[in-house]
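To start, the structure under review is shown below, and the notes come after it.
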Amino acid sequence: MKTQIRAALSLVASFLLVIPAGTAAAEEIELETAVALALSSNLGIESELLTVRQKKLIADTWWNRFYPTVNATTTLARSNTERSIAGADLPRWGLSAGLDFSLILTLQTIPGFSLARLDYESGLIDLADARAQIERDVSKQFYDLLLLKEQIALVEEQIATAERRYDQAQINFDNGLIDEFTLLSSQVQVENLRPALTGFQVAYQQTLLAFQNSVGLPLTATVDPVGTIAPPTLIIRYDDIDESQLRGRFDIQQLE
């Protein structure tokens with residue numbers, strides 16, 4: 001985690017040094033780096049960490065209340081008049097000292113330690129939940145960006161294919177092989193795809209701004225999420241199939 005945070009901070013520094021951002025090449029960012037950035041720059045995490053430290057300090061120092069309170073006092077005094085006892089003069093300067101011990105215990109002292117420890121453990125759980133929520137939100141935004149990039153590339157490919165068909169239709173129309181209606185239909189197919197491309201591009205930019213805000217990057221920075229969307233491989237073997245569960249299916253019962 002420390003290595004990822006160092007890499008994330010280096011990435012932030014590289015973004016801050018790029019001026020102007022509009023003319024800079026897009027900086028690639030991976031999911032692990034984005035999560036580390038979000039965790040290191042999130043104020044909510046810093047607040048939870050401070051709360052956990054305070055609760056840990058209370059739990060660790062709870063037994064200190066069993067130490068007695070010690071008060072030591074000393075007094076140095078000088079008499080303004082001469083005093084004597086049995087004809088002997090007493091010194092005008094006098095020194096006195098005192099030592100006081102006190103220990104205050106209540107019925108809540110011993111159970112209070114368990115409550116303080118539970119409060120600290122509850123703080124650790126809250127911190128873990130906050131980190132998990134940030135990681136989940138950043139991961140969702142990251143994969144949304146990857147999905148939008150794939151959708152944009154797919155629509156661009158569809159537009160390129162539709163334009164090639166339109167160009168071929170134009171050639172066929174010029175050669176008298178098709179009528180004007182077929183030519184216009186090819187052109188309509190191309191134009192119908194352009195709003196979808198614009199919609200995906202706008203959605204990508206909006207999601208990208210939200211993503212940069214979540215990970216603490218400047219909104220003027222140019223960032224390019226890099227990764228793959230690989231669904232998990234599910235391998236089902238016949239030996240692992242429970243026949244009793246199959247017999248409970250309605251379609252299996254009909255076959256029997």
Side-chain angles (χ1 to χ4, degrees), residues 1-17 27 29-77 95-146 206-221 223 225-227 232:
M1 175 61 74
K2 292 182 179 179
T3 303
Q4 294 177 352
I5 291 178
R6 293 194 193 99
L9 294 177
S10 300
L11 183 62
V12 172
S14 66
F15 282 126
L16 293 176
L17 292 175
E27 291 285 345
I29 183 172
E30 298 180 350
L31 177 60
E32 293 78 8
T33 305
V35 172
L37 269 174
L39 293 177
S40 62
S41 61
N42 187 271
L43 295 179
I45 293 295
E46 294 297 330
S47 177
E48 290 290 343
L49 280 172
L50 180 60
T51 302
V52 168
R53 292 193 187 102
Q54 292 174 344
K55 292 180 178 180
K56 185 177 186 301
L57 180 62
I58 294 175
D60 292 342
T61 59
W62 184 264
W63 297 109
N64 290 353
R65 62 194 63 215
F66 284 96
Y67 294 124
T69 302
V70 180
N71 293 321
T73 59
T74 57
T75 303
L76 179 63
L95 179 65
S96 61
L99 192 62
D100 180 29
F101 293 87
S102 64
L103 178 63
I104 301 176
L105 298 177
T106 63
L107 295 177
Q108 292 80 16
T109 301
I110 296 179
F113 171 74
S114 299
L115 295 177
R117 179 59 59 177
L118 289 176
D119 191 30
Y120 168 63
E121 294 175 354
S122 175
L124 291 177
I125 294 175
D126 293 339
L127 178 60
D129 289 342
R131 285 176 171 169
Q133 181 177 357
I134 290 176
E135 183 175 356
R136 182 181 64 249
D137 294 342
V138 172
S139 299
K140 182 179 182 302
Q141 291 175 340
F142 186 87
Y143 285 117
D144 284 345
L145 289 172
L146 293 182
Q206 291 176 344
T207 307
L208 183 61
L209 290 176
F211 172 76
Q212 292 178 204
N213 183 61
S214 298
V215 301
L217 292 176
L219 297 181
T220 56
V223 64
V226 176

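The structure presented is a predicted model; accordingly, all values stated were derived computationally and were not measured. Position 1 is the first residue of the sequence; numbering continues from there.
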Minimal non-hydrogen separation, L219 against L209, with atom names
CD2-O, 3.7 Å

Sub-4.5 Å side-chain heavy-atom contact between V223 and V215
no

R117 vs D60, side-chain contact (heavy atoms from CB on, under 4.5 Å): CA-CA, chis, key distance, verdict
CA-CA 8 Å; R117 179 59 59 177; D60 292 342; 3.7 Å; yes

Between K56 and D119, does any side-chain N to carboxylate O distance fall below 4.0 Å?
no

Which atom names give the shortest non-hydrogen contact between V138 and A38, and what distance separates them?
CG2-CB, 3.6 Å

Spatial distance of atom CZ (R53) from atom CG (L49) [nearest 0.5 Å]:
5.0 Å

Taking all atoms of both residues into account, what is the closest heavy-atom pair of L31 and F142, and its distance?
N-CZ, 3.6 Å

Just do the salt bridge (Lys or Arg N to Asp or Glu O under 4.0 Å) check on R131 and D126 with the steps written out, would you?
CA-CA 9 Å; R131 285 176 171 169; D126 293 339; over 6 Å; no

Closest non-hydrogen atom pair, T207 against D144
CG2-CB, 4.2 Å

So, the side chain of S47 versus the backbone of L43: is there a donor-acceptor pair under 3.5 Å, distance only?
no

Write down the atom of E46, the atom of S40, and the distance for their closest heavy-atom approach.
OE2-O, 4.0 Å

CG on D100 to OG1 on T69, rounded to 0.5 Å:
9.0 Å

L95 side, atom CG; T74 side, atom OG1 - distance, nearest 0.5 Å:
7.0 Å

Can you see which heavy atom on T61 is nearest to which on L57, and at what distance?
OG1-O, 2.6 Å

When you measure from the side chain of S214 to the backbone N and O of A210, does any donor-acceptor pair fall under 3.5 Å?
yes

Do L145 and Q141 have side chains that approach each other closer than 4.5 Å (heavy atoms only, starting at C-beta)?
no

